[in-house]
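The next block holds one structure in the form of structure tokens; read it before the comments.
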Amino acid sequence: MRTSWSDSVANSASENAAASGSFGPPPTRATYIPPHLRNQPPCSDSLAPPSLGNDRVGYSGPVGGSRWDGGGSRPDHGRSGHGSGGRGGGGWNNRSGGWDRGREREVNPFGDVEPACGEQENTGINFDAYEDIPVETSGHNVPLPVNTFAEIDLGEAVNQNIQRCKYVKPTPVQRNAIPILLAGRDLMACAQTGSGKTAAFCFPIIAGIMREQYVQRSHGGRTVYPLALILSPTRELSSQIHDEAKKFSYQTGVKVVVVYGGAPINQQLRELERGVDILVATPGRLVDLLERARVSLQMIRYLALDEADRMLDMGFEPQIRKIVEQMDMPPCGMRQTMLFSATFPKEIQRLASDFLSNYIFLAVGRVGSSTDLIVQRVEHVQEIDKRSHLLDLLHAQRETEVNSKHSLTLVFVETKKGADSLEHWLYIKGFPSTTIHGDRTQQEREMALRSFKSGKTPILVATDVAARGLDIPHVAHVVNFDLPNDIDDYVHRIGRTGRAGKTGLATAFFNENNMSLARPLADLMQESNQVVPAWLTRCASRVSHGGGKNRRTGGARFGGRDFRREGSFNKGTEYYGGNSGGGYGLPAGFGGGYNPAVASAWDQ
DNA sequence: AAAAAAG
């Protein structure tokens, strides 16, 4: 059933494809071509996840040998003794082994990249600001952070990709996490999205796969045996991670495949059959593939959970436990496990420790100490007035935006129905928008995201499916039309703005229905040096003073703190990175603070 | 109670 305005006009004639930009006066329904349908090649196969192009032929399953080999011959499958001298020389200089044929046809993921990785120059970055970032680590024998990519031995191929991405210097989470992971340690990391955390876990995985020698076991059938598994809670996030990982692994011989629901499984099966070292997946589709015995986890050496706190909350935990504990994945200690999120509630940390072995906890704060990149506003708006209030905001925004051609507004609502209905209403009121939520087809979801990112529909009405991890440049304004019940969800939502060094605005509509959020929201805003309205403080003091589920413990400087350090369960701590005693005042989840118009690894 | 994730 077509519920979206975008869809309702999707079949309009295409001769108006060159219609004017979407920031002009609102179009009329009769002649309007939805922006996302303009200038599109006919028959674009939008069901295919981006960058699935994978063209190495004849590869199946883990390879019996190291990609370090400079040898001229393709490693033999199923040969256990291969590569005894494979690491001889130990250099990264020449790995022109058996992968070359495939490499020549490997799609260049840098060919059509979006501005995030391409158009900008790396000049004028104020890297000194990085030195101020509070970093907290705990655990046994924490490896020291590095300051440059050159200090890390990731190999020539990966180094080239780092250059292609125009990363000049590792971000704080990378500086700390990469040495930890290269040392083979398990890791629980608190760091905001947009802080380069995808690269922080991808680089060590790719380097590890290239370095090590894996023996192909002769298993039957069409089962594939990935060496690394990266799980994320939404399809779009998995797709995004896959796109990043493709860039990082370009011409390394390491193969990345993504699988998720809502897309044709046959295509994904074909990709898997062409070989997979790193599998990026959402839980449901992975379980399906495991049950069909098309994927085995026996060979997994690296397990990464992105948005790990979401992955371990009530809705996902059973599936994650099944994948990690009840299939054929090597147990804790036999694999390297890394958990990343911007928020890590204590209860979730306790759960997560089941999956970890002697792990290091890492929390990385934000850049700078006083400049808040996200201005948070809370307004008291009754349910009945929300729509007209939103309209006022959008009109005011339009007034001040005549010159900025690419400024996006992300509106979060509570329900899928509410998303459709608000989107339709906005259309009536002359604001081109689209919507993303779990009741839309995957094709529609991906189209909506593209249309929003490109600025063709500069308003996106979303449920929490878009709250986490998605890297959408140019989101100037996040509106919490309906506030979430959990303060961590709020942190993730507003984290969609204030990215890439730009300032962001986050507006929340608060009323009696949000009383349970009053206290944590007021605390959070205070900690991030925001103006807390007096009425909100009053609300906060009216509700219970107990430490409920929503209460942030241990201060919110980092959006998390190692739960092992609480109470008597103290395993010893070590500190690096100038955590000189608090006063940072802002939790993680607030965008990086470097100059605009520069690219760096922050632009992951 | 809602959202997400398999079909």
Side-chain angles (χ1 to χ4, degrees), chain A residues 3 47 49 193 229-242 258-269 272 279-295 305-324 326-327 341 343 348 383 386 410-423 435-446 448-449 460-470 480-493 496 509 511-517 548-550:
Chain A
T3 50
L47 271 184
T193 45
L229 176 62
I230 301 172
L231 291 171
S232 96
T234 67
R235 299 163 182 174
E236 286 76 15
L237 186 52
S238 280
S239 176
Q240 179 181 301
I241 294 166
H242 168 257
V258 65
V259 297
Y260 51 74
I265 200 168
N266 285 334
Q267 200 168 349
Q268 295 176 358
L269 288 171
L272 289 171
L279 180 60
V280 185
T282 49
R285 178 55 62 88
L286 177 62
V287 167
D288 188 5
L289 291 167
L290 290 169
E291 284 170 350
R292 295 181 194 213
R294 297 300 297 259
V295 172
L305 301 193
D306 202 5
E307 305 300 336
D309 61 332
R310 166 64 82 232
M311 302 301 280
L312 294 172
D313 80 5
M314 285 202 316
F316 272 117
E317 197 224 348
Q319 267 179 310
I320 301 303
R321 266 194 202 283
K322 175 166 185 171
I323 291 167
V324 177
Q326 288 152 37
M327 304 304 288
S341 182
T343 53
I348 300 288
E383 287 298 326
K386 279 184 174 180
L410 181 50
V411 182
F412 282 104
V413 296
E414 190 67 16
T415 66
K416 296 177 277 196
K417 260 180 64 181
D420 281 333
S421 134
L422 181 58
E423 185 260 3
T435 179
I436 186 167
H437 61 70
D439 271 356
R440 304 200 81 196
T441 67
Q442 193 53 30
Q443 202 173 3
E444 289 169 330
R445 284 165 57 159
E446 286 171 16
L449 206 51
L460 179 64
V461 184
T463 60
D464 263 334
V465 70
R468 285 172 175 258
L470 292 187
N480 274 292
F481 189 90
D482 301 317
L483 273 164
N485 294 316
D486 190 317
I487 191 66
D488 284 342
D489 290 332
Y490 173 85
V491 169
H492 284 274
R493 284 179 176 189
R496 299 312 100 212
F509 296 172
N511 61 35
E512 305 71 56
N513 299 331
N514 311 114
M515 278 315 222
S516 69
L517 203 66
K549 174 182 173 291
N550 258 339

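Below, chains carry the letters A, B, ... as their sequence lines are ordered, and counting in each starts from 1. All heavy atoms count here, side chains included; hydrogens, waters and symmetry mates do not.
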Quick one: [X] [atom1] to [N] [atom2], roughly how many Å, whole number?
X        : N     : atom1 : atom2 : answer
A:Leu470 : B:dA4 : CG    : P     : 12 Å
A:Leu483 : B:dA1 : CG    : P     : 20 Å
A:Glu414 : B:dA3 : CD    : C1'   : 8 Å
A:Glu307 : B:dA5 : CD    : C1'   : 15 Å
A:Tyr490 : B:dA2 : OH    : C1'   : 20 Å
A:Asn513 : B:dA1 : CG    : P     : 15 Å
A:Asp288 : B:dA4 : CG    : P     : 20 Å
A:Arg440 : B:dA3 : CZ    : P     : 15 Å

A:Arg468 and salt bridge (Lys or Arg N to Asp or Glu O under 4.0 Å): which partner among A:Asp488, A:Asp309, A:Asp313?
->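 For A:Arg468, the salt bridge (Lys or Arg N to Asp or Glu O under 4.0 Å) check succeeds only for A:Asp309.
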
A:Asn480: partners by side-chain hydrogen bond (donor to acceptor under 3.5 Å, both in side chains), with sequence neighbours left out |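 So A:Asn480 forms a side-chain hydrogen bond (donor to acceptor under 3.5 Å, both in side chains) with A:Arg493.
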
Would you kindly say whether A:Thr282 and A:Ser238 are connected by a side-chain donor-acceptor distance under 3.5 Å?
->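 No pair is found: no donor N or O on one side chain lies under 3.5 Å from an acceptor on the other.
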
Could you tell me whether A:Arg235 contacts a base, only the sugar-phosphate backbone, or nothing, with contacts defined as non-hydrogen atoms closer than 4.0 Å?
->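 Counting heavy atoms under 4.0 Å across all strands, the contact made by A:Arg235 is with sugar-phosphate only.
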
What is the nucleic acid contact for A:Gly438, judged by heavy atoms within less than 4.0 Å: base, sugar-phosphate only, or nothing?
-> sugar-phosphate

Using a cut-off of less than 4.0 Å, is there contact between a side-chain N or O of A:Lys416 and OP1 or OP2 of B:dA4?
->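 Yes, within the criterion.
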
According to a strict under-4.0 Å criterion, is A:Thr282 in side-chain N/O contact with OP1 or OP2 of B:dA4?
-> no

For A:Glu236, does its backbone N or O pair with a side-chain atom of A:Arg445 as donor and acceptor, under 3.5 Å?
-> no

Hey, which sits more toward the 5' end of DNA chain B by its nearest nucleotide, A:Arg445 or A:Met314?
->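 Looking at the nearest nucleotide for each, A:Met314 comes out on the 5' side.
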
